[in-house]
Novice: 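My structure is below; once you've seen it, I'll send some questions.
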There are 2 protein chains.
Amino acid sequence: MTTRGRGLHGHVLETLGPAITAGEYPPGSVLRTDELAQRFEVSRSVMREAVRVLESMHLVESRRRVGVTVRPKAEWNVYDPEVIRWRLAGADRPHQLRSLTVLRSAVEPVAAGLAARHATAEQCAELTECALGMVATSRGHQLEAYLVHDIAFHRVILCASGNEMFARLGDVVAEVLAGRTHHEVMFEDPDPAAVTLHVQVAEAVREGDAARAEQLTREITVGALQELDILAP
Amino acid sequence: MTTRGRGLHGHVLETLGPAITAGEYPPGSVLRTDELAQRFEVSRSVMREAVRVLESMHLVESRRRVGVTVRPKAEWNVYDPEVIRWRLAGADRPHQLRSLTVLRSAVEPVAAGLAARHATAEQCAELTECALGMVATSRGHQLEAYLVHDIAFHRVILCASGNEMFARLGDVVAEVLAGRTHHEVMFEDPDPAAVTLHVQVAEAVREGDAARAEQLTREITVGALQELDILAP
DNA sequence: CCGAACAAAAAGTCAGACTTATACGTCACA
DNA sequence: TGTGACGTATAAGTCTGACTTTTTGTTCGG
C-alpha cells in the first residue's frame, strides 16, 4: 500500500527510492529519464518531478547529455525521513539500525539534560504518564502497548529539550524502537532495569536535575547499544 | 551568484526556499503554482518541479483544489543541507546557529570516542596534520587559514567515527565554524586553550584512548556553547 | 600528436489541452 | 433553523509534442 495520495510521481518514488538505497543501482549507474518514464508508464513530466526529488535527496545527479547518475552512498541525505524509511525497509536494515542507535546514544542524553531545564509542567506530566504506562505494560507480553508508551516517552524528551534539531529526531527514534520490537529479537518482556531507568529519568526531569537526567538516559542508550552488540558483536 | 548550473527550477528554489524558511510566508499561507510560475517567469512544468522539491523538504504541502500551503516550522526537514543553508543565510541565523551548536555538543564527543577506536592510520595522520596546522595559524590574525584547518579537523573526526550519520554532519559543522568566524565575534585570535585541546584530541585518537578523546572533545564543544552564551545569555 | 570544428544524445524548457479531485455554496427537506 | 445531498468552480495533476541547450566524443585538418 505504501504512501498513496501523492500522485503518480509518488508512486514512482516508492519504487525507485528503495531500489536505489538498496544498492540495486550501484554508484555511477546511469539512468535515462525517457527510459524510466516508459518503464513506469508515466509521462516524462511526472518522471522529471520524481528525478528532481531524488536529486534533492542527493541520491542521484542529473546532467545533460549523460543522464541521471546514481551518487555514492556517502553523499546521500541520510537524515531525510524518506531515505531512512526506504533503507530501513531494505536489505541493510541492520546496518541502518546500528547507525541510528549510535546517533540516539549521542543525542538523547544531551536532550534529556536540556529537557530537565526546559520542560513545561505539561511535558513533565506527559513524561510521567508515559513512564507509568511503560511500567504497567512491562510484563505479560504486552509488547505493542509497551512500545507505544516507549516511543511517546522518547518523543516527549526530544521535544522538551527545546532544540528543534533534537525534536525532529522523534520519528527516527520511533522507527528504531519499533524496528527493535518488530524485527529484532524481543521475544520476552522488556528489561525491568530499563523500565526503572525511564521512571527515574521522568523524575529527574520533573525535579530539574539535568545531570542526573543525562546520566540516566546515557544508561538507557548504553543498554540499547549492548542489545545490538549481542546481536552482531 | 548562488548555486548555478541547476537549471531554472534551481533558480526558483534559491529564491522561494529562503523566503519560506525566513518565515516570509507564515504557516498555512497558500501559494498557487500558476501565479508563482508567472512571478518567476518560468513554465508551469519548471514551477512544479520546484514545488515537488519543497514538498520533499516538508516545507510545503500541495493539495488539489487548495494550492501549495506552507507547513509549520516544526515539520520542516531541518537536517536537509539546503534548508540549513537557507536558514543560516536568513534572519534566524543566530537561532539556527545555536541549535546546530547544541547538536554538535551532543554528537562530536561521541564521534571522537568512536574515532579513537576506528580511525585508520591515514586518518590519524590527517588529524595530526590538521591540529598542527591549527597551531601554526592560531596567532597573528590568520583567521581564514585557521578556519580551514579547524573545519578539516572536525570533518576527519566525524568521518573517522565510522558512523555514516555522523559523517554527514561534516558540512553542518563546517557551516557552523565558518559562520562563527565570519559573522559572529572573532576579532581576536582563537582561544589558545581550544587549540591545545584539538592537539590533545588528535593524540588521544592516535593512541586509541576513546574515553579521553570523548572527554577532550566535550570540553571543546562546551567552549563553543559558552561562546554563544556570552553573545546571547 | 594535438586542437578545433562538428554531430549526436540526452536533459531542459515551454505551451496548450485535457483530467481529476475536492472545497464550497446551493437548495431541498426535515 | 439545521442538515444532508448535489452540483459547480477551481486549482492541481497529467500528457503530448515540439523545440532549445549543453556536453561529450568523434573526426578531420594542421
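The figures here come from the full heavy-atom set of this structure, side chains too, leaving out hydrogens, waters and symmetry mates. Throughout, protein chains are lettered first and strands after them, A, B, ... in sequence-line order, and every chain is numbered starting at 1. Just so it is clear, the model here is predicted, and its values are computed rather than measured.
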Novice: Between atom CE in B:Met47 and atom P in C:dA15, what is the gap in whole Å?
Specialist: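 So the CE-P distance, B:Met47 to C:dA15, works out to 15 Å.
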Novice: Starting at atom CG of B:Leu36, determine the distance to atom C1' of D:dA12, rounded to an integer number of angstrom.
Specialist: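 Atom CG in B:Leu36 sits about 13 Å away from atom C1' in D:dA12.
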Novice: Does the ring center of B:His198 lie less than 6.0 Å from the ring center of B:His154?
Specialist: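 Here the rings of B:His154 and B:His198 have centres that are less than 6.0 Å from each other.
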Novice: Spell out yes or no: do the side chain of B:Arg52 and the base of D:dG13 have one donor N/O and one acceptor N/O closer than 3.5 Å?
Specialist: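 Answer is no: no donor-acceptor pair is held.
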Novice: Please determine if a side-chain N or O atom of B:Ser43 lies less than 4.0 Å away from the OP1 or OP2 oxygen of C:dT13.
Specialist: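 No, outside the criterion.
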Novice: In whole angstrom, what separates B:Arg44's CZ from C:dC18's C1'?
Specialist: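 Checked: the CZ to C1' distance equals 11 Å.
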Novice: Which part of the nucleic acid, if any, lies within reach of A:Val51 when heavy atoms closer than 4.0 Å are counted: base, sugar-phosphate only, or nothing?
Specialist: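 No contact at all - A:Val51 keeps every heavy atom at 4.0 Å or more from the nucleic acid.
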Novice: Specify the separation, in whole Å, of atom CZ of B:Arg64 and atom P of C:dA23.
Specialist: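 Whole-Å distance recorded here is 12 Å.
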Novice: Scan side-chain atoms only and decide if B:Glu82 and A:His58 contain a donor-acceptor pair under the 3.5 Å cut-off.
Specialist: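 No, A:His58 and B:Glu82 have no side-chain donor paired with an acceptor closer than 3.5 Å.
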Novice: Would you say C:dG12 has OP1 or OP2 under 4.0 Å from some side-chain N or O of A:Arg63?
Specialist: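 For C:dG12, neither OP1 nor OP2 has a side-chain N or O of A:Arg63 closer than 4.0 Å.
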Novice: Determine whether A:Glu55 and B:His9 satisfy the following criterion, side chain to side chain donor-acceptor pair (under 3.5 Å), listing intermediate values before the conclusion.
Specialist: CA-CA 12 Å; A:Glu55 202 176 22; B:His9 95 283; 4.6 Å; no
Novice: Could you say whether A:Arg65 or A:Glu55 is positioned toward the 5' end of DNA chain C, judged by the nucleotide with the nearest heavy atom to each?
Specialist: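 Nearer the 5' end of the strand: A:Arg65.
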Novice: I need the NE2-C1' distance between B:His11 and C:dT13, as an integer number of Å.
Specialist: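 Answer to the nearest Å: 15 Å.
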Novice: What is the distance from CD of A:Glu49 to C1' of D:dT14, rounded to the nearest Å?
Specialist: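 Taking atom C1' of D:dT14 as the reference, CD of A:Glu49 is at 9 Å.
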Novice: In whole angstrom, give the distance that lies between atom CG of B:Asp34 and atom P of D:dG13.
Specialist: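 Result: 11 Å.
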Novice: Under 3.5 Å, is there a donor-acceptor pair between the side chain of A:Asn77 and the main chain of A:Asp80?
Specialist: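 No, A:Asn77 side chain to A:Asp80 backbone: no donor-acceptor pair under 3.5 Å.
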Novice: So, OP1 or OP2 of C:dG12: does either fall under 4.0 Å of a side-chain N or O from A:Arg48?
Specialist: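 So the side chain of A:Arg48 is within the cut-off, an N or O lying under 4.0 Å from OP1 or OP2 of C:dG12.
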Novice: Before accepting this row, confirm whether a basic side-chain N of the pair A:Glu61/B:Arg6 lies closer than 4.0 Å to the acidic partner's carboxylate O.
Specialist: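 Result for this pair is no, no salt bridge flagged.
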Novice: Expressed in angstrom and rounded to an integer, what is the separation of A:Leu8 atom CG from C:dA21 atom C1'?
Specialist: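 From A:Leu8 CG to C:dA21 C1': 13 Å.
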Novice: It should be established whether B:Ser45 places a side-chain nitrogen or oxygen under 4.0 Å from OP1 or OP2 of nucleotide C:dG12.
Specialist: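 B:Ser45 to C:dG12 OP1/OP2: no side-chain N or O under 4.0 Å.
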